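For clarity, every value in this text was computed on a predicted model and none was experimentally measured. First the proteins, then the strands, lettered A, B, ... as listed; each starts at 1.
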Amino acid sequence: MNQPHSKSKSDIQASTHNTSDTNFIRQAIDEDIASNRFDGRVHTRFPPEPSGYLHIGHAKAICISFGIAEDYGGLYNLRFDDSNPITEESEYVEAIKRDVKWLGFDWEDREFYASDYFETLYEYGIKLIRKEKAYVCDLTPEETRTYRGTLTTPGKNSPYRDRSVEENMTLFQGMRNGEFPDGSRTLRAKIDMTSPNLNMRDPVMYRVLHAPHSRIDENWCIYPTYDFTHGQSDSIEGITHSLCDVQFEDHRPLYDWFLETLEIYPPRQIEFARLNLTYTVLGKRKLRVLVQEGHVNGWDDPRLPTLAGLRRRGYTPEAIRDFCNRIGVSKADNLIEIAQLEYSIRSDLNLHAPRVMAVLNPVKVVIDNYPEAQVEMLEADNNPEDENAGTREIPFSREIYIERDDFMEDPPRKFYRLAPGREVRLKHAYYITCESVIKDENTGEIVEIHCSYDPETRGGWSDDGRRVQGTLHWVSAEHAVDAEVRLYDSLFTEREPENAADGADWIQFINPNSLEVLNTCKAEPSLVDAAAGSRFQFLRIGYFCVDPDTTLDRLVFNRTVPLRDSWARIQKGQK
RNA sequence: AGGGCGGUGGCCAAGCGGUAAGGCACAGGUCUUUGGAACCUGCAUGCGUAGGUUCGAAUCCUACCCGCCCUGCCA
C-alpha cells in the first residue's frame, strides 16, 4: 500500500490523498517496513485529552497519524488520554469524536481510554517497586521541586528513595486505599537525580487525587501521570509509530526507560512540529480563555480556529484536510499564513458551492422603462465550474437592489461598475444604463438610482459586440428575502498575538472588529429554505454558509471567506 | 548557562555529495456574462555564519551565531 500517490494540484477531490509521500516520518516508516521492525505493521493513534475542543492544530496531527496509517493500509486508534479527572469532561469526549468523524476518519471499534488501563498501570507500578525501580516519596510538591535541582545544577536524592520493597508496597497500597490526603505522597521512578534531562530526575508516576473519574465506577484516589500513562498505553495497544509534538522529544528517553524496565512492547515515537497560524492562537489553554472569558460566543464561534468553529464558519472537512496536506510535516518551527487555509477552502467551494445572488448593502434601482407590473423568470446557471449543477430561475422586475458599493457618482479610473450615464450588465438579466440619482435632501445619501434597460439584452448579452462597464449582482426588490449576514475578520490584529508584546497579555490584540453583523441584506428567493450548514457563493462577494441560528423567518449567513478581490487590491494600492 | 531539537526565497517545504522541486503569497499578462475561476510568465549565483575536505558541498567535517522546548504531584 505504500505506493506513491499522484496528486493533481487543481482537483481538491484528490484531497483524500494524505501528506506528501516524502516526509521524514514516512521515510522512517519505510525503513521500519524494510527492516521488518514491526512485522510490516503500521498502527498509529491520536491521543487527545478531553479537556477542550479540537482545533486546526489537532487536525494536522490527526491527518498525519491517521492519514499515514490509511496510506500504508494500517490501523489507527482514537484514544482519550483521560488521566486527570479534574480537568476532563465527557462533553469534550463527545465533541472530539464528532469532530474527528466530521474530518472524515473512522476509527471503527478502536476507541480507547487511558483509564481503560488504570488497573494494568497500577500493576506496572507494583512491578517497578518490586524491581526496586520505583518508590513512594513523602516530599511535598514544593520540596519535590527543590530536590529536582535546576537546568544547570543536578538534583538531590529524595530521603525516601531507599525505602524497602515491602514498605513501598504497603505505602502504595495505602495510597490506593485512600489512606493519605491529596498531595501527601507520590510514587516515583528511581532513575537519576543528576540527569541533564529533567524528565529523568525521578519523575512522579502516581499522585494522590481524591476525585471521581467520569468513566470509572471504582473510586480511584490515585491517578497516573501523563508520563507514566502515555507510553504504556501505546505499548498496550500495539501502536507501531507514536507520532507526536516535538515537545515530547525529551520525554522519549523516559518512555523508553519505562518500556524497557517494564519489559513490554516498545512502539517507536517520532516527533513533528506543531502548527502555528497567523492572526490567531492555537493551544487549548488560550482557546479556553477566549471561550470562558466571553471574548467569543462558545467553542463553535466561527472566529475560532476550532474544528467546531471552522465548521460553523462554512469550512469543509475536505478543505481542512487539503490544507493539512499542503503545509507539510517537518520538525522546524513554523507559522503558516492564514491565506494558505483560505486558499484551500476557496478552491473547494469554487468547485462545489452553488452560485446565488445576494445584496449585502442594498440600494434601490428603478428601471423606468421596464413595465410596471411585469415579472420575468430568468435562467441562471448554478455553478459555471460544474456542468452538472444545473440552472434555476430568478425573478426580475422593475425595482431591484444592487450593492451600494457598485455605484459611484464620480467614479475613479478603473471603477468598472455603475455610474451616471454608464451601462453595465445585470448578471443573468439585462444591460442597464444609469439615467439619474435621487438623494436624501438632508444627508445627501443616495436613496434611489434610476436606470433604463435594453430589452434586446435579455440574459445579459448582446450580439452587437457592445462592451459594458462591468457586471453587477442584483436581487428583485419585491421578491427578495431578508437576511442577516455575519462578516468575520481575523480574531487578532497581530500576526503573532502571542509574541507581539514580549510576554505581555496576548488578549489585548483581539480584533474589536472581528465580527460585523449586517441586518438589511437581501437575498434571492431561492434561498428561503436553505438548510443550516448549506454553503453558497454569493456572486462577486464570497462564500457563505447558513448558520444554525437561522429560523423560519430569519435567514442567517456566515461569511466563510470573501472572494479574491482585485478591485480592493487596486484601491489599496492607490491609497 | 545543562540537556534536547531546529535554522533552504515573504510563509511553508522538497533535497540525503553531481551543480536549488512544488505550494501559498506577490507582480505582470491572456481569457471571461462573477474585478471570481482558469491559463501563461516572473520571483534563491543562493541553502544561519566562517573555515575545511572534495574534481564537485544545502548535503561530509570543525568552530561559532540565532531560534524553540525542558525546572507541574498538567497533558
Looking only at side-chain N and O atoms, does [X] come under 4.0 Å of OP1 or OP2 in [N]?
X: A/R540; N: B/U33; value: no
X: A/R564; N: B/G35; value: no
X: A/R326; N: B/A25; value: no
X: A/S566; N: B/G36; value: yes
X: A/T471; N: B/U34; value: no
X: A/Q340; N: B/G10; value: no

Quick one: salt bridge (Lys or Arg N to Asp or Glu O under 4.0 Å) partners of [X], sequence neighbours excluded?
X: A/D116; result: A/R215
X: A/D464; result: A/R466
X: A/R392; result: A/E524
X: A/R540; result: A/D406

No-hydrogen, no-angle side-chain donor-acceptor test under 3.5 Å, A/T87 and A/E49 = yes
_Side chains of A/E142 and A/Y147 only: does a donor on one sit below 3.5 Å from an acceptor on the other?_
no
[X] has an atom [atom1]; how far is it from atom [atom2] of [N], in whole Å?
X: A/I336; N: B/C24; atom1: CD1; atom2: P; answer: 14 Å
X: A/H352; N: B/A37; atom1: NE2; atom2: C1'; answer: 14 Å
X: A/L472; N: B/G36; atom1: CG; atom2: C1'; answer: 15 Å
X: A/Y279; N: B/G10; atom1: OH; atom2: C1'; answer: 12 Å
X: A/F544; N: B/G36; atom1: CZ; atom2: C1'; answer: 13 Å
X: A/I270; N: B/G6; atom1: CD1; atom2: P; answer: 13 Å
X: A/K427; N: B/U32; atom1: NZ; atom2: P; answer: 13 Å
X: A/E337; N: B/C11; atom1: CD; atom2: P; answer: 7 Å

Nearest to the side chain of [X], heavy atoms from C-beta on, is which of [options]?
X: A/T22; options: B/U34, B/G35, B/A14; answer: B/A14
X: A/I327; options: B/G35, B/A14, B/C12; answer: B/C12
X: A/R417; options: B/A37, B/U34, B/G35; answer: B/G35

Taking [M] as the reference, what is the distance to [N] when you measure between their [atom1] atoms (whole Å, please)?
N: B/C47; M: B/U19; atom1: C1'; value: 13 Å
N: B/U41; M: B/A1; atom1: P; value: 49 Å
N: B/A50; M: B/U45; atom1: P; value: 15 Å
N: B/U59; M: B/G51; atom1: P; value: 14 Å
N: B/U54; M: B/C60; atom1: C1'; value: 9 Å
N: B/C70; M: B/A14; atom1: C1'; value: 31 Å

The ring-ring contact (aromatic ring centres under 6.0 Å, His included) partners of A/F415 (sequence neighbours excluded) come to A/W567
Base, sugar-phosphate, or nothing: which does [X] touch, judged by heavy atoms less than 4.0 Å apart?
X: A/K331; answer: sugar-phosphate
X: A/R467; answer: nothing
X: A/R201; answer: nothing
X: A/Q537; answer: base
X: A/E271; answer: nothing
X: A/R188; answer: nothing
X: A/E249; answer: sugar-phosphate
X: A/L539; answer: base
X: A/H428; answer: base
X: A/Y147; answer: nothing
X: A/G459; answer: base

Item to complete: Kindly say whether the aromatic ring centers of A/F258 and A/F228 come within a distance under 6.0 Å.
Response: yes
A/F557 ring center near A/F538 ring center (under 6.0 Å): yes
Given the 90°-from-0 boundary between syn and anti, B/G72 should be labelled syn
Listed range with range, the stems formed with RNA chain B by at least 3 consecutive Watson-Crick or G-U pairs (under 3.5 Å) are B:2-7 with B:65-70, B:10-12 with B:22-24, B:26-30 with B:38-42, B:48-52 with B:60-64
*asked:* Let's test your reading of the model: under 3.5 Å, does the base of B/G36 pair with the side chain of A/E385 as donor and acceptor?
replied: yes
By side chain to side chain donor-acceptor pair (under 3.5 Å), A/D565 pairs with (sequence neighbours left out) none
Those residues at least two apart in sequence (or on a different chain) that pass side chain to side chain donor-acceptor pair (under 3.5 Å) with A/R201 are none
Comparing nearest nucleotides in RNA chain B, the 5'-proximal residue of the pair A/G460, A/R252 is A/R252
Nearest-nucleotide check on RNA chain B, A/L426 vs A/T152; residue mapping nearer the 5' end is A/T152
A/W220 six-ring centre to A/R176 NZ/CZ under 6.0 Å and within 45° of normal: yes
Quiz item: With a cut-off of under 6.0 Å to the ring centre and 45° to the axis, is A/R185 in cation-pi contact with A/F180?
Solution: yes
For nucleotides 65-75 of chain B, 5' to 3', base contacts (B), sugar-phosphate-only contacts (S) and non-contacts (-) with protein non-hydrogen atoms under 4.0 Å give ---S-BBBBBB
